[in-house]
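Every chain is numbered from 1 and lettered A, B, ... according to where its sequence line falls, protein lines coming before strand lines.
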Number of protein chains: 2
Amino acid sequence: MATIYDVAKKAEVSSKTVSRVINGDSKVKESTRELVLEIMRQLDYRPNQQARQLRLGGKSGIGLLLEDPDSGYQTRFQSAMLHAAMEAGRYLSVELFTHLQDNWKTHLSRFIKDSNISDLILLPTQCDFGPLRDFLRENNVNCVLISPTHLDNDFVSIAMDERLAAREITEYLINIGHRKIAHISGHPDHAASLLRRQGFYEAFEKHNLPRPRDEYVVQSDFQFKTGLKIAEELLNTDDLPTAIFACNDETAAAACSAAHKRGLRIPEDMAIVGFDDVYLATAIWPSLTTVRQPYLEMARRSISVLAHMREKSSESDVQLRHVLPYSIIERESSSLSPKGEI
Amino acid sequence: MATIYDVAKKAEVSSKTVSRVINGDSKVKESTRELVLEIMRQLDYRPNQQARQLRLGGKSGIGLLLEDPDSGYQTRFQSAMLHAAMEAGRYLSVELFTHLQDNWKTHLSRFIKDSNISDLILLPTQCDFGPLRDFLRENNVNCVLISPTHLDNDFVSIAMDERLAAREITEYLINIGHRKIAHISGHPDHAASLLRRQGFYEAFEKHNLPRPRDEYVVQSDFQFKTGLKIAEELLNTDDLPTAIFACNDETAAAACSAAHKRGLRIPEDMAIVGFDDVYLATAIWPSLTTVRQPYLEMARRSISVLAHMREKSSESDVQLRHVLPYSIIERESSSLSPKGEI
DNA sequence: AACTAAATTGTCATCGATGTCATTTTAAAT
DNA sequence: ATTTAAAATGACATCGATGACAATTTAGTT
């Protein structure tokens, strides 16, 4: 394993000069730079990260906290982060985290200190846990919040417009002819639940249609199991809705199951749409029409914002709120002839 | 941030002594050890990992290579690794890896060198990619293979008995009265496919039952989409099987969809069982009876074996093959009154 | 009390990089 | 040709830990 000294010796320059080349320092004569680069290539030299970081006091990894790594949303987001990190030549350190663990503070500081990360990414809903925010603020952790409920001038947030997306997918249902549309909404503590429901109602207002009756708007909690029970209750009526907008794909999958149980065909008898575009959306039949979160874009933006923040540190030219564009993916669960991609 | 010198000064000992305490060196008087520990606690001292590793030439993270982070199996395994790593006070660095990428070697060496990992964990099917194994061998990477197809005296493998599990779940179907059982098998390149099919046949032999006819044993590739098509073909007959053993849960989910499409009730008209026990197994209706892979146990074992290997290095007392016990989880897809847990 | 071996502790160099500041080289200006 | 400022390079200390080995303390023996 070649070191900076091996390179220096072979190139007949000082280690400092090699260091300058590595770090793109401008004060190196072009000819020596090329020489050094050539030797580095010959020796297949790569800087020792530990030494580098010891000196710089820095770490280089990106930390991602997961509350439930099996959840579709978190899996998808992580997947996107892995791609984005690869593009940026960085590495991802993943850690389980729940504020329910009583020693979460110790646990988190250990992770931050010991695991070689310089930045942290927080997903919903932990990004809205107050004491966690205080902790991050106090410890000056370089982080971004993904789709937080509460905005805050101390933290950069990266999100999509949930309400608009909800409105748009509801309008889509209206446009293909549905009028009796039900909505299964998510966990009440989750900001997304409220926003998505608001968007749902807005679609009707915008089209000058009557607000759906209250029995058509029910409360679940984003989970399949609960969703199944709720959907069964919802469909236990003679006056069935012709479409359901579920708060997320898991719940939409549950709605499909409930509909099938009751002998309804999808989408002929009932259209069902979800939200998030997780793996599950294409691992069931029929595949789900849904709103695709801009996972990859969010991941890329997170990385670039974090880097920017680390440089500018406390300067004020860091954009605080980032809103990225979503898209609607049409699949089998709402249309006999899907136009969208898989 | 307190350093070893701060501790040494306050405790009025040398930094070396503090170092000894940190590393559990025996040659420290009990009283001084306690004193030092107390001061460490007071200052909330934690060793600087970079410095430590610079000196020790070591890294501390565990690397996990994922080919498809959205796949149920990989998600579940990662999830288990996160738990096991937490228990062991270690951290997980996750990286996308596919040998289809043409510069996979560079990519992998960079990951290993730059991302602070000391160990590597390989999942199927990349653990069976020959050139990758050669690379790991040549570069002396400390790693374990999870459920590899090809055994090899240079690598430690951690697996479950796929064939026995397949046999057992087939026997379960036989025991609850099924005789006409179909099997949708996995991708032919995947060792698990063969083993699971073998196990399937063995169950019939053991019970002195005729081998299922060839039309009942079809080939898919572990993916939902393919599985759906195959299952539809399988069920497009008048002489329906009464049960299906699918090679994995995704395929079982596809079989459920195909059955529903054809108006069959599960499990009344047809029982369906899967394999792996991934998230999907309980995110569809009916929930799937399946074989639970010993994810957590595999993860824990991986960590302990890796640590052991690093110590013993080339010594021969490292157990090469580890086979861990699976379990069968009975759920709604095969039984009207499931006995198993969720 | 003196001696010795064992137990404990300390000194200093080192890992591989970068920062500070001094030194040398280069090129432009007189 | 000499001076001078700028550009390029290098010497050395440093980051926070541990290893090798030296020095000291302790306790046991005679």
### Query
Would you say A/Thr17 reaches D/dG10's phosphate, i.e. side-chain N/O to OP1/OP2 under 4.0 Å?
yes
### Query
Quick one: is B/Thr32 getting a side-chain N or O under 4.0 Å of the C/dT9 phosphate, OP1 or OP2?
yes
### Query
Rounded to whole angstrom units, what separation is found between the CG atom of A/Asp6 and the C1' atom of C/dA17?
13 Å
### Query
Quick one: does B/Arg20 reach the base of D/dG19 with a side-chain donor-acceptor pair under 3.5 Å?
no
### Message
Using whole Å, what does the distance between atom P of nucleotide D/dA8 and atom CD of A/Glu34 come to?
### Response
14 Å
### Query
Out of curiosity, B/His99 NE2 to B/Leu65 CG, how far, rounded to the nearest 0.5 Å?
12.0 Å
### Task
Mind calculating the distance between CD (A/Gln53) and C1' (D/dT14) to the nearest angstrom?
17 Å
### Query
Roughly how many Å is it from CZ in B/Arg33 to P in C/dT8, rounded to a whole number?
10 Å
### Message
Between A/Ser79 (side chain only) and A/Thr75 (backbone N and O only), is there a donor and an acceptor less than 3.5 Å apart?
### Response
no
### Query
Side chains of A/Leu136 and A/Leu120: closer than 4.5 Å at any heavy-atom pair?
yes
### Summary
SG of B/Cys143 to CD1 of B/Ile62, rounded to nearest 0.5 Å, is 13.0 Å
### Task
Write down the distance between NZ (A/Lys29) and P (C/dT25), rounded to a whole number of angstrom.
11 Å
Filtered N/O pairs between nucleotides 12-16 of chain C and protein, under 3.5 Å:
| residue | atom | partner | partner atom | Å |
| --- | --- | --- | --- | --- |
| C/dT14 | O2 | B/Arg55 | NE | 3.4 |
| C/dT14 | O2 | B/Arg55 | NH1 | 3.4 |
| C/dG16 | N2 | A/Ala51 | O | 3.4 |

### Query
Less than 4.0 Å between a side-chain N and a carboxylate O, is that true for A/Arg133 and A/Asp154?
no
### Query
OP1 or OP2 of C/dT9 sitting under 4.0 Å from any side-chain N/O of B/Ser14?
no
### Task
May I ask you to decide if A/Asn103's main-chain N or O and A/Gln101's side chain share a donor-acceptor pair within less than 3.5 Å?
no
